[in-house]
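Just below is one structure, and these are the notes that go with it.
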Amino acid sequence: MALVLRAKFRRWLRGGDDGIAAKVRRKNQINDIIWKSLPSIRLSLLVAGYAWMLAIPLPNLGRNTYIDENALQPGQVNTYWNWPHVFRADRYLESLEQLRDQNSTNAEWAGYIKHEFRDLGIHVSTQSYHFTNASGEYNGTNVYAVLSSPRASGAEAMLISASRVSLNGNLNLRGIATVLSLAGYLKEYSLWSKDLVFVISDGYLEGMQAFITSYHGADEPNLDADPLTLSSGVIWTALNIDYPGHSFSHLGVFFEGLNGRLPNQDLINSFRLVSTYTGGVPVLLYDHRDPREVPHLESQLSIIPTWLPDVVKKQDAVREYGFRAKNILKHVGYQARGQTNGVHGLLHRFRIDAITLFAVPSSGPHGFHALGRVVESTLRTMNNLLEHLHASFFFYLLVKPGTFLKIGTYLPSVILVSVSMMFTGLGEWTDARWYEDLSKPKATDKSVAASGGIILLERPRPVLQALLIMLATHLAGVALFYIRTSGFAGLHPETTSLTLCALLALPPLFALIVRSSPSERSAPIASILKAANLCLASTVISVTSVLNFSLAAVLAVLLGVPLSYSSYKSALPAKIGRYAIYVGLGLGWLFCEKEVQRAIWNWEILGVWFAPFVCVVYTPLVLQAGIVSLLPS
Amino acid sequence: MANALGMYRTVKRLGIPDSNIILMLADDAACNSRNKFPGCVYPAAARDLDLYGDNIEVDYRGYEVTVENFIRVLTGRMDSSVPRSKRLLSDDRSNVFVYMTGHGGNEFLKFQDNEEISAFDIADAFEQMWQKKRYNEIFFMIDTCQANTMYSKFYSPNILATGSSKLDENSYSYENDMDLGISVIDRFTHYVLRFMESVNKTSQATMQDLFDMYDPDKFASHAGVRSDLFNRPIDQTLITDFFGGVSQAEVLAPEEEFYYSSTPEGGHQQESESFTHVDSATTSGAVKSNNDEIHGYSDLLSVVQDLQREPPKRDTTGLFRTWVSSGLMFALVAWVSMRK
Amino acid sequence: MDFGLVYPALVASRLFLAFAPLPDALRHDHQLSSPLTSYPRLQEGIYLFQHGIDPYSGGMFRHSPLLLSLFSTVLPLNDVTSKLLWTTCDAISVWSLVQIWRTRQRLSSTSRDGLIAAIYLLNPYLLLPSLALSTSTIENTLLLLSIMFASQGRSSRSLLALAFLVQLSLPALVFVIPISLLLLTEPVSKLVSPSIPNISLNSVLAKLAKFGSYTVILTLLSTLACGNWAWVEQTWGSTVTLPDLTPNPGLWWYFFTEMFDHFRPFFLLVFSVHLLIYVLPVCLKFQHDILYATYILTGIAALFKPYPTLADPGLFLSLISLFPETYQYLRYPIVTTLLHLHSALLLPLFHHLWLSQGTGNANFFYASTLVFGMANGAALLDAIWSGLRVAIGTLPPGYEIVQK
Amino acid sequence: MRWRLAIITYIALWLTSALAAYEEFHELLTFRPLSDGKLAARFTFTTSLNGTHPRDPSNLADEDQSQHYTVFPLALGQVLREYAVTELHLNLNAGKWDYDHWGYPDEPGVGTGAELWAWMGESATRSVDERWKGLRNALSGQFCASLGSLDDQRTTSPELTFRPEGSLPSSGGAHRLRHGTLPSEHVCTENLTPFLKLLPCKSLSGIASLLNPHRLFDTDWHGLSVHVRYLENEGIEVRLSFQSVFDPVRYTGGRRAWSLQSVFDRVIDRSCPVARSSEIRVAIPKEENNAQITPDFHNSDGEHAIFDVLNASKPLDVAMNWVNESAFDYNTVLSGVPLTHISVRRTLKGSSQSRGRLAVSITNNMPITIQTSYLESMPWLLQFYLHTLQVHSNGVSRDDLVSIVSCIPSVPHARPTLFQAILTLPPKSTLDISMDVIKPFLRYTEHPPDAQRGWDLPPAVLVPLLPANATVLTDHPELSLSEHKMDGFGYPIRSPRRMYTPVLLVDLATPDFSMPYNVIIMSCTLIALIFGMVFNLLTRKFTLVRVSSEP
């Protein structure tokens, strides 16, 4: 039996009489099969992609974090930070509060802090800076001190910083007090292999931006800052201490940096270990507490919809899912916009792995004592480093403290969507090549693909026009960006938004009066435009996914379905309706004023690419889809 | 780190001079600025005994600790300019003691985290030593994970080998110093050293006694012994044959490594040096005079003044040459474009 | 599109771009200029030379002594002159490209001229290196000039241009044979109806001898310029021994970064020879249309040369505008385009991730260079296929073409 | 046990010293309280071999006549003879010398890491480079340091900055300088042990007995150095010195009072019998009058309180105390003016691994124009773009202030850059020099085990010079450069005041060290694929086949 089968199979392979012809036939058959099943393939890919995204927070997905760099040895040391140092911190706090109450000037703050550092015998200096952008000016004075460690060459450094304004808007007095007291305490050690650089930066972000850019000699267009008079070595790691409240219950870790750059995961993990085991302080992602810990707040913390029946809501798996989902959503919110929350994010672009320790304000139980010990032990851990943190530990998705997803487990979701878009585009492109010939086939110039008896003729494709349309839309995007970031727009945001919306939305309507292509002989522009649009979008998504996963995911959600199913074969009202939707999708953001403001500020002061990206890449892509839906078939 | 230094101290205590010890240490634990107790390395968290002491000679340290150097030390294939303190000066009467510790695995031992030495390498090196008559007997001791696999490939005669753990076993650290933040010494070495403390130059303790001391429960691993290549009965082999007197030994470890030998000649050489000092000489209490005027910066100044006189000259010939060549280049182009 | 209008417009806009404010990082970008073509290194060499230090005694300067003597004497290199010079080079290249097209069509002017010019000048692969003042632009210009003169049958000029090119970059040796063959044949398209031309070996040898003599003269000039032979090892030698492992879009650098020391010489030999293997087969297969062979060889050189920049594949991609007859027989143009799109985005991105941002490691950029290699390989293969496929023309219904 | 041994050595040494007389051994320990509460201590052990000459390199071929030393270190002597070294300087330092607050060091060579330089006469039989290699290895064996890796990639001859400190014998050929630095080298007990073995009294008696590694290696800065020089019509002199900066404030928690016991954890019980002179000198702070030194010192030269260890009462524990100072007040000193003529800061800007910018800013603290020589001897790990050299004085571009004396560009995998220039510093102003640098890409075999740390780059060396007609200095005697530093025996240490900048750390791009096989496989696969397909197309011929089934 088997023998017969094998013989049959072999004959099928060899194709009986004429081998080559049979091979070609078989190839065509396979092509036909693939071609026929293409729509279902792309659909299934799309569905699979979105399903994967939804599956990311599942409790049984993800693995426990571990320390990859053996040298770190987190939490292996005794800490000697103790009440005397806490008292000193309290004394600093008192005088800082005086400064606050007399609402002193930047210079007075700087003067006081400088004096205190000098009293400790640490070389200290100040740097005043001056930012100007469309929306206004920012002045301030940083204080920075370099404790050059004994016995060491001073070629490496660690940075401990506290910004004067906390990330929740209050003054970060306790943070500053902690740093001052720590400086005095750490000076008694002689075991630092790296210099310690203490920075009390003015303002919230801009102070540290001024300091770190002039430390690395990077030139900022709209920054005017004093040169630094003290220098130290290469900064490897940094801790930013943010302690706005009176006391705290948890330590939250903020880690997203500018343009979606993440610090090495080892830093976060070792901090988590130290904080949990040395300091005895539980760790949170951001300031997001687990609803299950605080039942009375559950209603406002949890994102599980309330209309669900309790049977579902009380399921632990469901609550776990909700908890993780909210963490991820926060992460996506920060990373996709490329913004940072906390000073640490400004350091990443200089290859400094940095995180912010945020003392989540609450009525206890912890204070200076716990924080000091955690920071001391974390610094000892960072001090153990012999090399840059280099294990490829920069691509991860923290779903909750101590649990993360490897890149292999979350990236495919986005890639699947982009692949499906790519297939759609290719299908559209090949479609446009053939048209059904209803007349009798003529003898000349036709190549025939025998597919189900229908005779398909080849036809030219108007590539150039399509490409020109795309180019035009992207140029429009550039214009949009420059106008929106101009000084005028800063003054009258609403009017600008309206006019811009109109300017961008109306011209494509002329596409309506384009007469449909004279004959079947040449493919409709719309199909080519759609194909190109989809290929470009898919490329953008897949390329972005390695740089900034959250952004790619958002793009995949926003662009995936609308672009794949943009259609030009519909009646006029439908066309208009579709177009309106696309306009809303592409330009709606113009009207969320606060978001736009923040994005522009981030671009001008910190150089975050989110705003230009939206204007020059995202909006044009959507508009192209809109134009597709306007164009005649 | 403490493992190797402990051995070093032991063999030194049993009377083998530094000149016959070759110590290889890959990291500078003692004076690393991360060390809370500078210049000290303690074998226990109690920190009662400082292994580094104030008298130690490290022959290979830092990046010098490589597989290549280790093999060269064993086989004696050295560049002529390598000083004798970095050589293993042994002959067919020398007993060599080799001790290695560090991160290991099945039949390999890591050096500096970036290269490995395999059991075959060491076995071949020993064979070379045997053929070049560089040892009489070797006692090989190793303390790593899966240590016993390292001596499984030996095939040269007169080698006695022992290891801390067998295949698929880790050898665990004895205790952890919470001030240094590292684990200080491994169990196997810790107990071997403790045993050695009971040995002195005249001790009659034999290898058998040492091996009898092995205890899987204390080691948390099964230490192994290989004596089939060894042609003497173990219970008549004195520890001091390897660890003391005129014998010779060697100790090594990749993370921190150290190796030690003593040859009769080596010994005498040292002696003779220390005696040539006494010698008659005549007195001349010439007091130094202040008046020789060689000031580094004075002739620097002259350079400076020269510089100020004429600005740095450009090499005109080079410029001339370039002019000529570019001229000729253009001539060529012109000529070619003239031609039809 | 009228060439008379398009050409000046394009050149003007190119000039405008040259003087537009551009980030300084452009000139240091590893994709746009290799150690052999980088503008800052050229400046450094000239600076050293003018301060009486032999630039070839160090490892920094690897440009030809001809450039050295030219820029240190006749046209002193400063920002303005160099921008002007590079723009002129582009203008010349475009002009000669159009000339090649016209001679190929045996027409004084065609409707495609403008398009061809645009395809060359607006090609980002060519535009960016030229804005970065990479000397690979000059190499492209010399090659195009040489091809143009060759197709016009002016042997001395074309061979001289080629000799200059070889002085600048050794891998250009692959063009010696096709150019000398091109001088002996017609540049008109014979792809559709191949007919074997009869070329006497002696005439080829004559051309080669001529080329040889020019090369010798220029070599002597170089030696005269810098007074010793050190330059040979620094310029030509570096393309063979690869002393500088700065990343580039090519396939060599990472291979020889990771190579074991004792295999290095062997693989250097293999890679260098491999580049030459293709010359004869390609010339034989396309002897009916040597211009096409030359075109294929530009693709091969761009793919396999030791220190490529984006300008090399760029030239290959732009040259395709000379052969419209092959378009309809390209098998997978869209795939090639997408590959190029991806790699064009990935190369700078991964370069940034590895060297500036530090989150990615070298393998990222290496992977993107592999993608780039695939893209170029796909383009090359498709070009060869369509170039051969043209000869058969359209098929009767029910038939398909395969290779046996 | 211990004292018996001591007595035996005492007698032996007494005998030998009685016999040996044309060799002299002097030992000196100087203390200098520093402005920021720290304490600089410096041990100097000088052995001079009078009436001898360094070996003439021209007769290196024939057998060397046997040498007989009593107190002169034999091991070192043998090395010097074998390689015919005229002058030799070896420094092994750890820490960063803070010129602004500590002033000039007593021993000028304070660059972090190991530094070795030697003047050797040329010889037909064995070339200077050959002997330099031998010397490196010999010393690395002698002092347990990895000086062997000071190979050609790190050796230069900056003759402008490193002048001979002694005299060069007129006999023999011209003399050549070889200089190399190893910034990542560290100092530890294993270096001190052989160092002590070179001393006639080892560490048993005399001030050498104070050299307690556990304390010395805990200091903020410490370094040991060996200097050999030949003085015309005197002889060969070997100076071993150990220099360290203690921080009494850190030990005592606030006060800067110190004593031998507190800093060394030892006192002097016995003096070294063979020493001609054995002194402890404590610099007396000028402005502060509340400083008191115990016990009463024997004599003083105004600046220093001098203790003669040979006939002081044992055990000797010198102590210094500031009466009614409960805690040291930093606030006054840290705001004070720098103690050196110029202050130097060198940084490497930029965070990319492909290029950066080297910035040196030099401040002239003097009211007069100063000239300094500036030396960069940089391994090829950092390559200079000299054409981007920019010079700004107080923000104004002043290219005329820098005159390049010599520049030898680097060769990858082979030779370092040598860049020497003379800078002119206008009075009370800051000179900013900066130039672009590019970071090369190394073969994966060239990276060290801890490749991701980066490479330490050697310090730049500056030598401040005054124009000969520096009369302006009358009102700044303490800052005068033409004043000779006197060491213990009233003759000048003939060394210019070299200033070493801190070392830099450059991180070079690293390949993936686990990849070689994968890379070879993947690259070759791609190339082979394209190769195969190209030749497939070129060699096979086209044929038509009928595929459609219907006729």
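Here the structure is a predicted model, which means the values were calculated and not measured. The sequence lines fix the lettering, A, B, ..., with proteins before strands; numbering per chain opens at 1. FYI, side chains are in, hydrogens and waters are out, and symmetry mates aren't considered; it's all heavy atoms of this structure.
Atom OH in B:Tyr60 sits 11.5 Å away from atom SG in D:Cys144 (nearest 0.5 Å). To the nearest 0.5 Å, atom CG of residue D:Leu182 and atom OH of residue B:Tyr63 are 9.5 Å apart. If you take CZ on D:Phe217 and SG on B:Cys40, they are separated by 11.0 Å, rounding to the nearest 0.5 Å. In this structure, CG on B:Leu25 lies 7.0 Å from CD on D:Glu190, to the nearest 0.5 angstrom. Atom CD of B:Glu115 sits about 12.5 Å away from atom CZ of D:Phe513, to the nearest 0.5 Å. Rounded to the nearest 0.5 Å, atoms NZ (D:Lys197) and CG (B:Asn55) are 5.5 Å apart.
Only the backbone of D:Val187 comes within contact range of chain B, judged by heavy atoms closer than 4.5 Å. Of the two parts of B:Asn35, neither the backbone nor the side chain holds a non-hydrogen atom closer than 4.5 Å to a non-hydrogen atom of chain D. Residue B:Glu64 touches chain D through its side chain alone, counting heavy-atom pairs closer than 4.5 Å. With a threshold of 4.5 angstrom between heavy atoms, B:Ser85 approaches chain D through side-chain atoms but not through N, CA, C or O. Contacts of D:Ser149 with chain B are absent, with no heavy-atom separation under 4.5 Å from either backbone or side chain. With a 4.5 angstrom heavy-atom cutoff, D:Ala451 does not touch chain B via any of its atoms. For B:Asn32, no part sits under 4.5 Å from any heavy atom of chain D, backbone or side chain.
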*Can you check side chain to side chain contact (heavy atoms under 4.5 Å, CB included) on B:Ser81 and D:Glu130, steps first, answer last?*
CA-CA 10 Å; B:Ser81 63; D:Glu130 190 184 343; over 6 Å; no
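If you run side-chain contact (heavy atoms from CB on, under 4.5 Å) between B:Ile56 and each of D:Asn191, D:Thr189, D:Leu192, only D:Thr189 comes through.
Between B:Asp79 and D:Lys133 there is a salt bridge, since at least one side-chain N of the basic residue sits less than 4.0 Å from a carboxylate O of the acidic one.
Between chain B and the options D:His214, D:Glu185, D:Gln142, the largest number of non-hydrogen pairs under 4.5 Å is found for D:His214. Taking chain B as the reference chain and counting heavy-atom pairs below 4.5 Å, the highest number among D:Pro213, D:Gly235, D:Ser146, D:Gly134 is found for D:Ser146.
You'll find the side chain of D:Asp218 stays beyond 4.5 Å of the side chain of B:Lys36, heavy atoms only. Residues B:Tyr52 and D:Cys188 have side chains in contact (heavy-atom distance under 4.5 Å, counting atoms from C-beta outward). B:Pro83 is listed as a side-chain neighbour of D:Asn137, based on a closest heavy-atom distance under 4.5 Å.
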